[in-house]
Engineer: 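Just passing along the structure, written as structure tokens.
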Amino acid sequence: MTRSMEKSISTFSALLYMLLPLTFATKPPSNVTALFVFGDSTVDPGNNNYIPTTARADHLPYGRDLPNHEPSGRNTNGKLVTDFLASYLGLKELLPAYLDPRLSEKELISGVSFASAGMGLDEITCRRSNVLNMSTQLDNFDEAVKRMQRMFGPGETMRIVSDAIFILSAGTNDMLVNAYNLRIGRSNISVTEFHDFLLQNTQLIIQRLYEVGARKIAIVGHPPIGCLPLQVTLSGKFPRSCIDSQNKDSQDFNSKLGLLLSTLQSNLTEDTKLNFLDIYTPVMDMINEPASFGFETTLRGCCGTGLFELGSSCNIFSPTCPDASKYVFFDAVHPSEAASEHVSKTMYESLARMIA
Ligand SMILES: *[C@@H]1O[C@H](CO)[C@@H](O)[C@H](O)[C@H]1NC(C)=O
Ligand SMILES: *[C@@H]1O[C@H](CO)[C@@H](O)[C@H](O)[C@H]1NC(C)=O
Ligand SMILES: *[C@@H]1O[C@H](CO)[C@@H](O)[C@H](O)[C@H]1NC(C)=O
Ligand SMILES: *[C@@H]1O[C@H](CO)[C@@H](O)[C@H](O)[C@H]1NC(C)=O
């Protein structure tokens, strides 16, 4: 084979690879059976609608760009990253909330989200907003497994679980509540110590998922927390710009998480795949080069002034931007659907390597 042929073949396969998520949106590229998701508001499609918490997004303008234009509990104008991923995996268009009483067995076996907006890996974070902590989310998964076993038998259930992708997306609330903004519970420990504590909890979660049969586990890293509109506002910086120290913390955390995952990977059975999902890079890319992604506004949310509104303060009385796809953030913390779509494309490439 000549050099140029090799080159054009590799360019072609690179192209094909980039198009994969879009072209095969209705056909699974592998035998992934389901997507099971745990974590916070970045991946909660509405579990908090069914629990007594103030951390909710079950009101407009949240959800206004969903297919039915109704609020679902998702903390954004449209779909979450995990909705896009479920679609790229050929599973479904919207990943439902486990606590939704209308959830059918058929929906359950192709994946659900157990996540709860406001949660963190530190119990102090969860108690503050009375949301579902990780152990409750995992208990709910155990309950879901029992439900599948009754319906489909133990063998089929085991196959569904071992060929499913598990995603954990959490940690930003812990940093906001305990390290940066409120510092109520853990004001005596350093950011580094707190990172190590979050990593220990992540390791325990991976072990527990492994014990219940999960074999493809992906952990989302920290975003550039210093660029969240809320953080920029609280810093008082003018003109508005990202807080470098908080972004540096996120990068440090992500390197340690990557190391932890590769250490754990070498200790687990060969059929087990751990995957680091980088959210830092795609979000930073959009903030640094907004125009190349079609964005006009980066460090302010679409909802209200864009400086602080989120949850209950982002509501029908907030003057909201006409076109959220021009904004990286929908409210003061959460990405817009357009930003999530970009993030999910890069994450899908990483998941595709894991399941190849
Ligand atoms: C998917 O499953 C089928 C039948 O179980 C098997 O023949 C095939 O090799 C699998 N494909 C992949 C990509 O694992
Ligand atoms: C998680 O929440 C449940 C229910 O509120 C509580 O009973 C449990 O102690 C919490 N778990 C941890 C590890 O704190
Ligand atoms: C920090 O404070 C908590 C709660 O008061 C305590 O349990 C913990 O041991 C302290 N940690 C350090 C490193 O001093
Ligand atoms: C890996 O396994 C070895 C031997 O079983 C054990 O000593 C070590 O603590 C494990 N490391 C991790 C990170 O689990």
Side-chain angles (χ1 to χ4, degrees), residues 36-58 73-75 82 95-101 103 108 111-148 161 166-214 217-222 253 256-257 260-261 264 274 311-312 333:
F36 294 116
V37 173
F38 303 83
D40 59 22
S41 56
T42 52
V43 291
D44 176 6
N47 285 309
N48 278 15
N49 300 355
Y50 306 101
I51 61 171
T53 174
T54 51
R56 28 193 353 121
D58 53 355
R74 288 172 176 78
N75 280 262
T82 38
L95 195 73
Y98 176 70
L99 294 186
D100 185 337
L103 183 79
L108 182 58
V112 290
S113 172
F114 298 90
S116 179
M119 78 70 91
L121 301 181
D122 184 346
E123 188 57 23
I124 292 173
T125 313
C126 300
R127 267 192 232 133
R128 204 186 136 260
S129 21
N130 192 32
V131 294
L132 306 178
N133 61 26
M134 195 57 201
S135 65
T136 304
Q137 293 186 27
L138 287 164
D139 289 347
N140 285 344
F141 177 71
D142 289 345
E143 184 187 88
V145 166
K146 292 204 183 80
R147 199 171 149 185
M148 290 191 282
V161 171
F166 288 72
I167 294 181
L168 170 67
S169 174
T172 299
N173 291 320
D174 295 310
M175 297 309 292
L176 296 182
V177 171
N178 292 318
Y180 300 141
N181 301 350
L182 302 173
R183 301 187 51 117
I184 295 167
R186 306 211 178 261
S187 50
N188 58 348
I189 66 173
S190 70
V191 166
T192 310
E193 286 170 317
F194 191 53
H195 280 170
D196 291 341
F197 170 74
L198 298 180
L199 289 166
Q200 276 168 20
N201 286 352
T202 304
Q203 178 169 351
L204 294 173
I205 293 164
I206 292 170
Q207 277 158 1
R208 176 142 172 213
L209 287 173
Y210 180 80
E211 281 159 20
V212 296
I217 305 170
I219 312 288
V220 181
H222 287 186
F253 177 86
K256 283 197 204 166
L257 174 61
L260 171 68
L261 295 182
L264 293 176
L274 301 181
S312 56
V333 165

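The analysis underlying the following values was restricted to heavy atoms, covering all of them including side chains, and did not include hydrogens, waters or symmetry mates. One-based numbering along the sequence shown. Counting starts at 1 for both ligands and their atoms, following the listed order.
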Engineer: Using a strict 4.0 Å threshold on nitrogen-to-oxygen distance, state whether Arg128 and Asp174 make a salt bridge.
Structural biologist: no
Engineer: Can you name the atoms of ligand 2, numbered from 1 with element, that are less than 4.0 Å from a heavy atom of Ser135?
Structural biologist: 1 (C), 11 (N)
Engineer: Locate the shortest heavy-atom distance separating Gly171 from Asp40; write the atom from each residue and the value.
Structural biologist: N-OD2, 3.9 Å
Engineer: Measuring to protein heavy atoms, does anything land under 4.0 Å from atom 2 (O) of ligand 2?
Structural biologist: yes
Engineer: For the residue pair Phe114 and Phe36, categorise the inter-ring angle as parallel (less than 30°), tilted (30 to 60°) or perpendicular (more than 60°).
Structural biologist: tilted
Engineer: Please write down residue, atom name and distance for the protein heavy atom closest to atom 4 (C) of ligand 2.
Structural biologist: Thr136 OG1, 4.0 Å
Engineer: Can you tell me how far the OG atom of Ser116 sits from the CG atom of Asn173, to the nearest 0.5 Å?
Structural biologist: 9.5 Å
Engineer: Measure the spacing between CZ of Phe38 and CG of Leu168 and express it to the nearest 0.5 Å.
Structural biologist: 8.5 Å
Engineer: In the protein, what heavy atom is nearest to atom 14 (O) of ligand 2, and what distance, to one decimal place, separates them?
Structural biologist: Glu123 CD, 2.9 Å
Engineer: Atom 10 (C) of ligand 2: which protein heavy atom is closest, and how many Å away?
Structural biologist: Asn133 ND2, 2.5 Å
